[in-house]
Amino acid sequence: MNKIISEIETNETNPILRNLNIEQRKAVLAVEGPVLIVAGAGSGKTRVLTHKIAYLIDIGIPPQNILALTFTNKAAQVMRERISLLVNPEASKRIWAGTFHSIFAKILRFEANAIGYSSNFSIYDTDDSVNIIKRILEGYSISNNRLTAETIHHIISLAKNKVLSPEEFARTSSTPIDRQVADIYKEYQDYLHQNNAMDFDDLLVNTYELFRSYPEILHKYQERFTFILVDEYQDTNKVQYLVLKQLSSKYRNITVVGDDAQSIYRWRGADIRNILDFQKDFPDSKIFRLEQNYRSTKCILSAADSVIKFNKKQIEKKLWTENEDGELIEVFQCENEKEEANLVVKTIKSLVDGGKFSFGDIAIFYRTNAQSLEFENALRRENINYVVVGGLSFYKRKEVKDVLAYLKLLVNPNDNEALIRIINEPPRGIGKITLAHLMNYAKERKISIFEALGNIDEISNLQNRAIGVLKDFRNWLLRTVDKLNEKVGIADTIYQYIKESGLISMYEEIGTDDAYDRLENINTLLTDIYDFLTRNENTDLYDYLQQISLISDIDEKNIATEQVKLMTLHSAKGLEFPVVFIVGLEQGLFPLIRYKSKSNEDEEEERRLFYVGITRAMKKVYLTYALVRHRFGDESYQVPSKFLQEIDNKYLLVHTESRRKTITFVDRPKNAFDYKDDFNDFDQTEDNTLKIGDKVLHPFFGIGRVEHLEGSGNFAQALVNFDSVGRKRLMLQYAKLKKV
DNA sequence: TGTAGTATCTTTTTT
DNA sequence: AGATACTACA
């Protein structure tokens with residue numbers, strides 16, 4: 001193969017290699033061996049990956065031997081589409097491209113028996129997992145503290161991502177809390193297995209375990225995936241890393257692409273060391289740096305760079321661009337979140353009226369999903385089309401989850417979660433008590449609830465009425481499963497089944513607007529299933545359920561029409577827009593700070609997130625913050641984000657709005673946030689040396705106690721718990737606090 | 001068992 | 001403020 005490659009290296013007439021810069025081309029041509037591509041924002045990362053895959057196919061690598069792992073299904077789909085423009089579309093279809101989770105789920109489905117699952121295993125989402133943990137927690141009397149099911153789930157998830165089994169986790173746990181979590185983890189894991197179910201993390205861990213325990217199976221997949229390419233490598237976690245190592249250890253043809261400056265999933269177990277240590281793992285690896293940015297203006301790029309410089313740990317690289325200088329980044333101060341939304345929408349309108357941009361060119365990024373509401377309201381008032389990417393997804397709605405639970409039960413009747421969810425939805429007279437008896441019986445015998453229904457006459461303490469209902473339910477389910485197995489008219493069977501479930505007539509009887517919305521959603525779902533089954537041959541309900549359980553919010557929405565896009569900064573990764581608004585730039589919100597853990601690492605991750613946000617923009621960036629924001633129903637005085645100070649002022653145009661609502665335009669101030677003048681009518685706090693625990697007096701709120709202090713100088717703020725109104729976040733600069 | 005009324009908590013970010 | 005979880009009652 002070496003001979004072929006050296007021949008082709010000199011052959012620059014290959015159309016796949018045209019339109020690539022030198023570094024990009026080198027990265028594409030480095031076909032064999034481990035390759036690390038350090039690709040800055042907007043440097044053509046996707047382009048290199050797609051061209052590399054196309055090139056591999058072009059030089060005769062069978063497409064089915066190529067594995068491309070991405071972060072979202074959407075990214076995989078985009079990649080496939082682009083490849084199909086470069087090579088035979090039929091060939092591009094045979095590539096294995098998808099997320100870690102979806103590809104591994106596919107593998108596990110084939111090999112499930114080896115690790116003690118059957119191939120119809122259910123995939124539990126986060127909600128399911130948390131519900132299970134809640135139920136387990138009921139058996140532990142010590143659930144009164146701050147240790148919520150969500151927290152425990154998170155701890156377990158992190159453990160799994162580090163490939164710690166419950167036993168290993170127990171061994172490494174030093175605190176009493178960890179030991180308790182270890183017990184719960186064990187119980188949780190046993191429960192999942194009993195249900196023939198895996199959570200998201202299991203898809204990764206079980207793949208690792210499968211390959212570790214069965215060398216011959218690993219060997220099979222090593223032979224299948226002789227060329228492996230990984231996108232967003234900086235966001236892989238330890239299990240993912242380990243499986244990549246397993247798969248690539250034979251042929252060693254692995255190309256990873258990433259940018260350490262865009263690593264934003266540390267909280268979910270992503271380990272930035274994976275990219276930093278790639279060279280250690282593969283000493284013979286080749287490294288390519290893509291440093292030319294094709295996306296943004298010079299101004300945007302420099303501004304982003306000036307911020308990310310505040311992070312200590314970084315791979316050395318400097319991005320540059322031949323693009324125009326572009327306009328300054330504009331910063332707006334707003335009175336509160338309503339005004340922030342109005343101002344953003346007003347600006348959007350004038351941008352579009354100006355004729356240079358359309359609504360579809362514009363995106364609004366926020367730190368938390370909850371912030372979308374005000375912007376939605378403001379946009380709706382102005383009749384501007386918009387789409388919220390993410391948020392409460394269709395598949396998370398109650399009625400949709402109910403229908404899906406009914407369907408999951410057909411595929412895997414041992415899926416307790418599904419059964420518990422719908423056994424009394426619509427109400428059948430199976431209440432808590434009856435269910436508890438069932439669950440007890442099942443638990444004692446280590447069988448599923450559905451199996452318990454088969455022995456229903458043996459279960460004591462059940463009411464006759466309940467027994468009748470449960471028998472009917474079981475028979476009905478079995479009948480439907482039989483019908484489904486006939487493999488004809490699957491879609492009809494499903495429709496009939498859901499109709500018989502009584503869900504539809506329940507909502508019809510309720511008859512409120514809300515109920516009709518829900519009916520509409522059920523209808524949409526059933527139509528979607530029908531489409532899926534008729535569109536794809538040889539697929540069944542199982543395939544549909546697997547597909548949607550791994551679908552992400554970003555994947556569902558077709559981001560192409562003339563709508564303003566609203567999304568979290570996390571969802572924004574990998575996308576680009578001509579105009580970007582980043583809103584809510586306030587201390588505590590962005591960077592988001594929670595009371596206890598605000599390590600330096602956390603702040604650096606927030607800063608990378610800000611960097612990701614800015615670098616999504618092609619032409620123009622707007623940044624906004626509010627002075628007052630409602631949090632948990634009451635007012636909180638906000639401090640401008642420290643990130644605003646970190647951006648080099650050369651690149652900023654700051655609009656400061658005074659209390660009298662006259663707008664002052666300030667061009668390139670020495671320090672944009674040194675503007676105390678607006679607030680001079682307020683007395684400065686006299687004694688600035690507040691300490692945690694100090695008792696203070698506020699003119700409106702009265703007596704309170706200082707619970708938390710942060711920031712300094714003009715940005716100093718305190719969290720004070722007042723006797724009258726509870727906790728308030730105050731800027732010391734404005735709040736007239738007196739120590740008492 | 002189901003429901004109405006009350007208490008409590010929420011705001012990260014996602015496969 | 002709004003959703004969800006829990007409690008007391010029919």
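Below, chain A is the first sequence line, B the second, and so on; all start at residue 1.
In this structure, A:E150 places its CD atom 8 Å from P of B:dT10, rounding to the nearest Å. Here the C1' atom of nucleotide C:dA3 and the CG atom of A:L373 are 13 Å apart, to the nearest Å. Rounded to whole Å, atom C1' of B:dT14 lies 12 Å from atom CG of A:N237. Rounded to whole Å, atom P of B:dT3 lies 11 Å from atom CD of A:E425. Here the C1' atom of nucleotide B:dT13 and the CD1 atom of A:I582 are 15 Å apart, to the nearest Å. The separation between A:L204 atom CG and B:dT14 atom C1' is 13 Å, rounded to whole Å. To the nearest angstrom, P of B:dT14 lies 10 Å from CG of A:L609.
Donor-acceptor pairing under 3.5 Å, judged by distance alone, is present between the side chain of A:R367 and the base of B:dT13. No N or O donor and acceptor, one from the side chain of A:T568 and one from the base of B:dT14, sit under 3.5 Å apart.
Looking at the side chain of A:T99, the nearest of the listed nucleotides C:dA5, B:dT15, B:dT14 is B:dT15. In this structure, of C:dA5, B:dT1, B:dT14, it is C:dA5 that holds the atom nearest to the side chain of A:K134. Comparing B:dT15, B:dT1, B:dT14 against the side chain of A:H101 picks out B:dT15 as the nearest. Here the side chain of A:F200 is nearest to one of B:dT13, B:dT1, B:dT15, namely B:dT15. When each of B:dT14, B:dT15, B:dT1 is scored by its nearest atom to the side-chain atoms of A:T434, the top-ranked nucleotide is B:dT1.
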Mind listing the N/O atom pairs, protein and nucleotides 6-10 of chain C, below 3.5 Å?
none

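Using a 30° and 60° split on the angle between ring planes, A:F121 and A:Y117 fall in the perpendicular class, above 60°.
Scored by the ring pair (Phe, Tyr, Trp, His ring centres under 6.0 Å) test, A:H154 finds no partners at all (sequence neighbours excluded). Residues meeting the side chain to side chain donor-acceptor pair (under 3.5 Å) test with A:D402, sequence neighbours left out: A:K398, A:R421. For A:F169, there are no ring pair (Phe, Tyr, Trp, His ring centres under 6.0 Å) partners, not counting sequence neighbours. Here A:E376 pairs with A:S372, A:Y386 under the side chain to side chain donor-acceptor pair (under 3.5 Å) rule; sequence neighbours left out. For A:K238, there are no side chain to side chain donor-acceptor pair (under 3.5 Å) partners two or more places apart in sequence or in a different chain.
A:I264 comes within 4.0 angstrom of nothing in the nucleic acid, heavy atoms only. Residue contacts for A:N424: at a heavy-atom cut-off of 4.0 Å it reaches the sugar-phosphate backbone alone, with no base atom in range.
The stacking criteria are not both satisfied for A:F100 over the base of B:dT15, which would need a centre-to-centre distance under 5.5 angstrom and an angle between ring planes under 30 degrees.
Checked against the 6.0 Å centroid threshold, A:F581 and A:F375 do not count as a close aromatic pair.
C:dC6 and B:dT11: their C1' atoms are spaced 22 Å apart (whole Å).
Put simply, A:N369 has a side-chain N or O that comes within less than 4.0 Å of OP1 or OP2 on B:dT14. For A:T126, no side-chain nitrogen or oxygen approaches OP1 or OP2 of B:dT15 to under 4.0 Å.
The shortest heavy-atom contact between A:M198 and A:I115 is CE-CD1, 4.4 Å.
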